[in-house]
Amino acid sequence: MSTLEQTAVRVPAAPAPGAAEPRRRRRLRPTQWIGVLFVLPASLYVVVYQLVPVVYGLVLSFTEYSPLSRSGPEWVGVANYFALVGDEDFGRALAVTGQYVLMVLPPTVAIALGLAVLANRPFRGIGFFRSALYVPHIVSLTTVAVVWLWMYSPNGLFNEALTGLGLPPQSWLLEEDTAMPAVAAMRVWKALGSNMVLLLAGLQSIPRELYEAASTDGAGAWRRFRHITLPGLRPILTYVVAMDIIYLAQGFAELFILTGGGPLASTTTVNYLIYTEAFQYNSFGSASAMAFVLFGFIAAFSFLSIRGIAGRRS
Amino acid sequence: MSAPVAAAAPARGPGWRGAVRGGWPTRLVLLSATLLVLVPFAWMVSISFTPEEQAFSSVSLLPAQPTALNYGHAVTDANLGRAMLNSLVVTVVPVLTNCLAAVAAGYAFALLPFRGSTALFYLLLSTAAIPGSVTLIPLFLMAKGFPLAGGNDLAGYGGTGLLDSLPGLMLPHLVMTMNIFLARQYFTTANPDLAEAARVDGAGELRIFTAIYLPLSRPIVAVIAIFTFTGVWDDFLWPLVITQSPQVQTVQLALAQFLATGTVRYGTLMAGAVLATVPVLVIFLLNQRHFVSGLADGSVKG
């Protein structure tokens with residue numbers, strides 16, 4: 001209880017000294033308890049359903065466990081992790097995941113940045129552009145993938161366009177060469193709007209005076225972009241790239257709908273492999289190990305990208 | 001703290017005044033980009049009104065003989081009637097719990113600090129960076145072993161727990177760490193003098209929160225409600241993992257399931273896609289301002 005009183009004393013003293021003092025102190029003690037009470041439901045929940053699962057998952061990754069078996073998890077030490085090192089499927093899935101991120105991230109950020117620069121001007125109807133471009137972001141990956149499944153179908157939009165141009169139709173999602181780029185194209189389309197809105201918010205936090213000063217000093221459009229816009233965008237760009245990496249590296253629903261991880265595992269990402277390993281082959285232990293390796297990669301790459309973009313300044 | 005304000009209302013930010021006026025080339029590029037982005041949705045709607053026998057082969061943006069039959073099929077054959085209801089229940093409950101628990105917690109972290117509250121806040125916040133695949137399997141086992149549910153005993157053994165049930169679908173979404181963060185950021189910029197004045201007048205803490213700060217916090221409550229709604233409504237992997245029976249299917253799952261059964265019926269499928277999209281689209285259009293500002297808040301602030 002002494003801790004509570006200690007903190008209570010730190011609160012600015014009452015204007016009237018003497019008689020008011022003890023009463024005030026008494027009233028502030030419940031304040032602290034009420035703070036605890038306010039925080040309690042949410043904190044308890046987050047600890048039980050967000051933090052405990054991480055520890056639980058880590059423990060599982062050192063075990064062999066099938067949810068169908070009568071016995072509980074069986075401790076196997078780092079065997080699951082060692083097995084992953086030589087596992088071709090896992091290595092392939094890691095490569096596919098990296099490929100997916102690399103196919104989606106650079107075009108998305110580049111196009112979104114271009115659109116944001118264009119949209120950072122006042123004219124009638126700009127709100128419409130912003131909202132319309134944002135719509136793909138709020139629609140679920142499942143729904144969006146269903147629509148693109150039709151667009152890639154034999155008589156879908158893309159093949160109709162090809163035939164219209166006199167080119168042979170493609171079986172986009174069924175060929176090893178085209179399946180991944182096809183899914184990636186959908187993801188670029190979906191991520192464009194949210195990236196643009198964030199970058200636009202970043203653009204508008206850059207003081208206008210900087211541009212005016214640069215213009216009067218005779219700096220051209222490119223130099224203004226290079227020396228004012230890009231440095232000013234750094235914080236938000238860091239955030240956008242890190243978030244993109246985190247989301248893209250966990251791609252699942254779109255692949256489930258569009259390709260089912262195929263053809264020939266060419267679109268089986270780590271997350272997809274974790275799903276099949278855990279819920280089709282019932283190997284909870286090795287699936288957990290995969291999840292933690294993926295976690296490590298995501299953490300490392302987001303950290304590197306943050307350092308790469310924002311690091312030089314700090 | 002002017003940057004967050006600018007970010008929260010991009011259209012009125014300081015960068016707006018005196019900006020270069022957008023010429024026709026700019027508008028043209030933006031317009032074509034917007035049209036390109038909206039094309040898939042146009043086809044989605046169009047095919048949903050195209051008779052099924054034509055939907056497989058024909059491609060015409062305006063169906064020659066528009067029909068609403070596909071929507072009936074989506075509701076019955078693709079189980080979307082039941083699934084919409086399930087999704088609504090499974091989504092609305094987390095929206096309410098997030099608005100209550102996450103907002104209360106964010107408020108206390110900002111304005112009713114106690115010893116260790118900062119450390120606790122950062123501990124909770126750290127979970128926001130954990131990928132869903134890490135917690136998927138443990139959460140599945142925790143849902144399965146939920147005490148006294150689905151035939152389980154007090155220790156969580158013997159039954160199926162919350163697997164294949166609506167409460168199980170809600171389980172991982174009841175409080176999202178990001179929402180606590182957003183609420184805290186919001187209340188950090190609120191005026192603490194209001195509470196101080198009310199305290200001097202003898203108002204209780206609960207009253208100060210409900211009568212003074214909660215009404216002020218409507219924008220952030222809206223953002224939290226919207227984020228939670230779209231997040232839970234759009235979720236796919238968790239429902240896929242913990243449900244089996246059609247009675248508890250969510251919308252996204254019903255779509256995927258319908259796709260997996262036999263030949264693809266694009267007319268019905270697109271009608272289902274439209275139905276799955278309408279709720280989030282309505283929420284978005286009604287709250288565009290909050291939506292975009294909330295997105296920016298989560299990143300620029302903090």
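Within every chain, numbering begins at 1; the chains are lettered A, B, ... in the order of the sequence lines, protein sequences first and strands thereafter.
Heavy-atom distances place both the backbone and the side chain of B:Leu174 under 4.5 Å from chain A.
When all heavy atoms of B:Val280 and A:Ile138 are compared, the closest pair comes out as O-CD1, 3.7 Å. Of all heavy-atom pairs between A:Gln50 and B:Pro172, the closest is NE2-O, 4.0 Å. Across A:Ala278 and B:Ile137, no two heavy atoms sit closer than the pair CB-CD1, 3.7 Å. Looking at every heavy atom in both residues, B:Ala256 comes nearest to A:Ile257 through CB-CD1, 3.7 Å. When every heavy atom of B:Phe236 is checked against every heavy atom of A:Ala253, the shortest pair comes out as CD2-CB, 3.5 Å.
The aromatic rings of A:Phe279 and B:Phe140 sit perpendicular, their planes meeting at an angle over 60°, well past the 30° parallel limit.
By number of non-hydrogen pairs under 4.5 angstrom with chain B, the leading residue of A:Leu37, A:Ile246, A:Val135, A:Val240 is A:Val135. Counting heavy-atom pairs closer than 4.5 Å to chain B, the top residue among A:Phe292, A:Phe252, A:Tyr247 is A:Phe252.
Shown here are the side chain to side chain donor-acceptor pair (under 3.5 Å) partners of B:Asp234, two or more places apart in sequence or in another chain: there are none. Looking at residues two or more places apart in sequence or on another chain, you find a side chain to side chain donor-acceptor pair (under 3.5 Å) between A:Ser215 and A:Arg224.
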List the steps, then state whether ring pair (Phe, Tyr, Trp, His ring centres under 6.0 Å) holds for B:Phe41 with A:Trp189. CA-CA 12 Å; B:Phe41 292 115; A:Trp189 168 82; 5.5 Å; yes
